[in-house]
Structure formats: C-alpha cells, structure tokens
There are 2 protein chains.
Amino acid sequence: MNKKRLEIKALAFLVYGYVMLYQTSSMFDLLLTNIAKYIHLTEEEKVTFVACLKPIQIKRKQFVLNEGEICRNSVFVNNGCLRGFTVDKNGIEHVLSFAPPGWWIADMYSLISQKPGILNIEALEDTEALILSKAGQEKLYHEIPKFERFFRILTENSLVANQQRIIDNMSLTAEERYSIFCKRYPTLIDHLPQKQIASYIGVTPEFFSRMRAEMVRKKK
Amino acid sequence: MNKKRLEIKALAFLVYGYVMLYQTSSMFDLLLTNIAKYIHLTEEEKVTFVACLKPIQIKRKQFVLNEGEICRNSVFVNNGCLRGFTVDKNGIEHVLSFAPPGWWIADMYSLISQKPGILNIEALEDTEALILSKAGQEKLYHEIPKFERFFRILTENSLVANQQRIIDNMSLTAEERYSIFCKRYPTLIDHLPQKQIASYIGVTPEFFSRMRAEMVRKKK
DNA sequence: TGCATTTCTTAATCTACATCATGTTTTCCA
DNA sequence: TGGAAAACATGATGTAGATTAAGAAATGCA
C-alpha cells in the first residue's frame, strides 16, 4: 500500500513535470523557431540553451538598461516592444533600434567591451522577454560551438541593415526614408507613437507631422 | 652518382620551397597577425587558411566590384587603400567605408545573399590585397570552425562602428563628425582626397572646404 | 616637362529641416 | 470617469548645409 502510494506520487510528479515543460516551453518557441532557421539543435542542446535564458517582464516606460551602465545581457523580445536610444548633449533622444517580438536588443558596444555604454533601452509597452547573460552566451560558445555560427549570422544581418540605414540617411530625403520604413516594418507603423518613428528616421516630431500631412495631401 | 644528383636536386627543391615560403609569407603576415588577436591557429591550419587566399594587385581607379554585380569575395588590404561607395539617383557618390591596410571590405549584403549589390569598390591608390572567396570562407567554417568565431568578432566590431556612425549622423554637426573622423582615423587624413572624406561624413566637397577654412579661422 | 584633368576654394543664392510657440486631440491612470 | 500628461498639428521664423558657378591650385600622365 505504502509502495503504491509512492508510485502514484512519482507518476503525478512526472505528469506535473511534463505539464510544466509543455506550458513553459511556449515561452521559448519563438526563439527556438528563429534559431532553427540557421542551425539545428538536438533536444539536449535545446535544454542546455534554454537553461541559459531567464524570462523577464518589463512594464511600459520601464528601463532595461541605462546609459552609463555596463550591458550584461542580450534581450530577446517575445511580446511587446523595446527601444534603444541615445540622448545627445541638447537632451534630444535618437532611436537607434526598435525590438518588436522576435528581435534581439542590447548595447552591442558595451556588451562586447564590458565598458559603460551610451544606450538606454526602454519598454514602449508592457513587454515579455528572455535575457541571455554575456556569461551565458560565452558558455554557449564553448559548449555548443554552433552558436558561434548562429550569432555570426545574426550579427551579419544586423550589420547589413545598419549599413543600408547609413546609406539611406546620406542619400534620401526624410520622406523617402519614411516610405522605406513603412514598407520594411509595416507592423510597427500603427503600433508606434509617431515621435518614435520620427526619431528613428532622424527628424523632429514637428517636421514629421507636417511631412505626413503633406504626403496625404499629395496623394489626393 | 645518379642517386646523388637526385638527392641534390631534392635538396635544392626543398631549399627553394622554404625560400618561397619565406618570401611569400610576408604577404600574409598582416592578416595572420590580425587573426592571432582573436583565435589561435596551428601551423597546419595556417596553411589551410592561406591556401584559400589569392593575392591581387589593383591599380588606382580600378574597380574590384561594380554595383549590380554579385559580390563573391571578401577583400583584405595589405597596401594602398580601397573605398566602398554607392551612387544615388542624382549621380552623387556616398562613401560607406574606406579600407586601408589591415581592413576587410566587401558588399556584405550581396556577399551574404548572393544577389546583385549596390556597392562599388574602387582603389584610391595602387593596392595590394588578398581575396577570400565566399566558397573559401564557407570551406573554412567547415574545416576550421574557429573561423566562425573570428568572423563573428570581426562582424560584431564592424556593427558597433556602424551603429556609432548612425548615432553620430543623427546627433552631431558636420564639424563634430569631422573632428571624430580625424581622431578615429588619423592615418587616413593626410592620405585621402578631401572630397572622399566629405562624402564619408555626409557633406558636399564645397561645404567641407568652407567648413575646414572656418575651423582654421576659429583656432587663431 | 607641359598640358589636361582633377581637386580645391570662394561667393551668392536656395531649401530641407529645425526651432519656437501655441492650440488641439488622445491617452493614461487615480 | 475626469483631469493631467503626453502626443499631435500647425504657423512663423531661423539655419546648416546644398546648389550653382567660376576661378585657382595641385596632380597625373604622355
């Protein structure tokens, strides 16, 4: 009798474990799917990887990183949206990047050098994310060298996008840059406050507002 | 007698081989030294690596890559200087990057996607360089996975520099951007035609010329 | 060495976008 | 749910840098 009870208990625990696994796994699905586009992970490797991740919740307007701090994590967004921005000597903010679901964000300079950074990272809405510490990332490089490949590819893609942005900033008008933004990030447009988009494409909110009115006028 | 002749011949060939190795090795020194900062290669791996490289000579004003072509190589500069630039719809050139000795250059977008690119790469002076084909690079990733790490780090550094440039373009005046350029690339300043620097920092040659005169005037 | 080409300079005028100011609409949260 | 804060719109004016033009200096190459 005693033994049977133990068995039942053990079974219940197992079931509970599976349920937990099943439930919480959804939190890693988006990231694992993204990774699968570039490298193949065994189930065991997935477990090792997931063990390096820590889920966090960030309230709207809350900061994940402040300028002057050392960036110790990469952040992968599951829900919501983050922004990375700097503040210039006149107190004006400049958006370097948005991180909607499926995107990574960090202060790359600070993360690499482990010196104080210049980036602020803030939630534009309530956000669920996973963080991967620098230590965790280096552990991954050691234990599963395929991750070198994954992050190389990720970084390459990011570099290409940033180079294109430099070229666009040098050779296009604000209006053209905005059109490109709309095409490239259609989901962000209705989501984001105008002033954030204005800051990203590199104009003042006032000019952006006028420009949009102008564009509507033209189309008629 | 016949045998001895053969031995001498073999010895001569060996000596010749070493001399060749010694002479030509200087051509790879800069690159191997750079790599050694990030990963350790065995002598055997060095040989494998060097076998993937092909030396080229580029005359001043000659193009290594034209927009519209598919970029099939990364180029590492030993001597001289290359520039990567785009031409906008008004025919104005915009310099995305310079490649002085010790630097890599390529149309990253095209190299990754193997689609026609938008970058022109041209020699600003007679240049000696090494090219690593995309195929060669992928062979390296397979045979010596450490190269995943090397190129990841290279790409990360490049990404950081490009992000900083985006921020600078959004938050600084042309004069400030020029000051930063002077500090960051002191060797390039006396080397490069002014109009190339103007194009890199994102102003016209006329404005750049006036700006510099202005800066001299101020300092007195 | 000299001449053609490219690069640099300087000046007048123009424009895309910034700044300042003020009112209106939307959003948030107590 | 209502009132404060944030976001957006619009007008008047200012400015960094572009454009056009034309001459002077430097450079490359036959």
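Proteins get letters first, then strands, A, B, ... in listed order; numbering begins at 1 in each.
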Which nucleotide in the set [options] lies at the smallest distance from any side-chain heavy atom of [X]?
X	options	result
B/E206	D/dC8, C/dC8, C/dT9	C/dT9
A/T204	D/dA6, D/dA21, C/dT19	C/dT19
B/S209	C/dC17, C/dT10, C/dT6	C/dT10
B/V203	D/dA18, D/dT10, C/dC29	D/dA18

Against the six-membered ring of B/Y200, is B/R165 placed for a cation-pi contact (under 6.0 Å from the centre, within 45° of the normal)?
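Flagged: B/R165 positioned over aromatic ring of B/Y200.
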Please give, in whole Å, the distance from [N] [atom2] to [X] [atom1]?
X	N	atom1	atom2	value
A/I201	C/dA18	CD1	P	9 Å
A/K59	C/dC29	NZ	C1'	12 Å
B/E125	D/dC29	CD	C1'	17 Å
A/L192	D/dA7	CG	C1'	13 Å
B/E214	C/dC8	CD	P	19 Å
B/M215	C/dT9	CE	P	13 Å
A/K61	C/dT27	NZ	P	13 Å
A/M211	D/dT10	CE	P	14 Å

Using atom types as modelled, flag every donor-acceptor pair under 3.5 Å from a side chain in residues 98-108 of chain A to any protein atom, sequence neighbours excluded.
residue: A/D107; atom: OD1; partner: A/Y109; partner atom: N; Å: 3.2
residue: A/D107; atom: OD1; partner: A/S110; partner atom: N; Å: 3.1
residue: A/D107; atom: OD2; partner: A/I118; partner atom: N; Å: 3.2
residue: A/D107; atom: OD2; partner: A/L119; partner atom: N; Å: 3.1

Return the 5'-most residue of the pair B/R60, B/F207 with respect to DNA chain C, ranking by each residue's nearest nucleotide.
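Closest to the 5' end, via its nearest nucleotide, is B/R60.
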Given that B/P193 and A/G202 both sit by DNA chain C, which one's nearest nucleotide is further toward the 5' end?
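In this pair, the answer is B/P193.
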Return the residues of residues 81-101 of chain B meeting this criterion: a heavy atom under 4.0 Å from some atom of DNA chain C. Order them by number, or give none.
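Residues of residues 81-101 of chain B under 4.0 Å from DNA chain C: none.
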Interface with DNA chain C, restricted to residues 166-189 of chain B and to heavy atoms under 4.0 Å:
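Per residue number, the list is empty: none.
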I'd like to know whether B/L132 forms a side-chain contact (heavy atoms from CB on, under 4.5 Å) with B/K54, so could you lay out the CA-CA distance, the side-chain angles of the two residues, the decisive distance to 0.1 Å, and finally the verdict.
CA-CA 7 Å; B/L132 170 63; B/K54 193 175 120 195; over 6 Å; no
Side chain to side chain donor-acceptor pair (under 3.5 Å) against B/R149, all qualifying residues, sequence neighbours excluded:
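For B/R149, the residues satisfying side chain to side chain donor-acceptor pair (under 3.5 Å) (neighbours in sequence not counted) are A/E148.
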Quick one: side chain to side chain donor-acceptor pair (under 3.5 Å) partners of B/K89, sequence neighbours excluded?
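Checked B/K89 against side chain to side chain donor-acceptor pair (under 3.5 Å); matches are A/E176.
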NA contact type, A/R210, heavy-atom cut-off 4.0 Å: base, sugar-phosphate, or nothing?
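Touches a base.
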Tell me, with the steps shown, if B/F208 and B/Y178 meet ring-ring contact (aromatic ring centres under 6.0 Å, His included).
CA-CA 9 Å; B/F208 186 73; B/Y178 175 53; 5.0 Å; yes
Distance below 4.0 Å between B/Q196 side-chain N/O and C/dT7 OP1 or OP2
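No, because none of the side-chain N or O atoms of B/Q196 sits under 4.0 Å from OP1 or OP2 of C/dT7.
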Report the C-alpha separation of B/F49 and B/F147 in whole Å, then their side-chain angles, then the decisive distance to 0.1 Å, and conclude whether the ring-ring contact (aromatic ring centres under 6.0 Å, His included) test is met.
CA-CA 10 Å; B/F49 172 54; B/F147 274 96; 4.9 Å; yes
Can we say A/E156 and A/R152 salt-bridge, meaning some charged N sits less than 4.0 Å from an Asp/Glu carboxylate O?
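A salt bridge links A/E156 with A/R152.
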Mind listing the side-chain donor-acceptor pairs of residues 55-67 of chain B below 3.5 Å, one per line with the distance, residues two or more places apart or on another chain?
residue: B/Q62; atom: OE1; partner: B/K59; partner atom: N; Å: 3.0
residue: B/N66; atom: ND2; partner: B/E69; partner atom: OE2; Å: 3.3
residue: B/E67; atom: OE2; partner: B/N120; partner atom: ND2; Å: 3.2

So, taking the atom named CD in A/Q196 and the one named CZ in A/R83, what distance separates them when rounded to the nearest 0.5 Å?
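Atom-to-atom, A/Q196:CD and A/R83:CZ are 4.0 Å apart.
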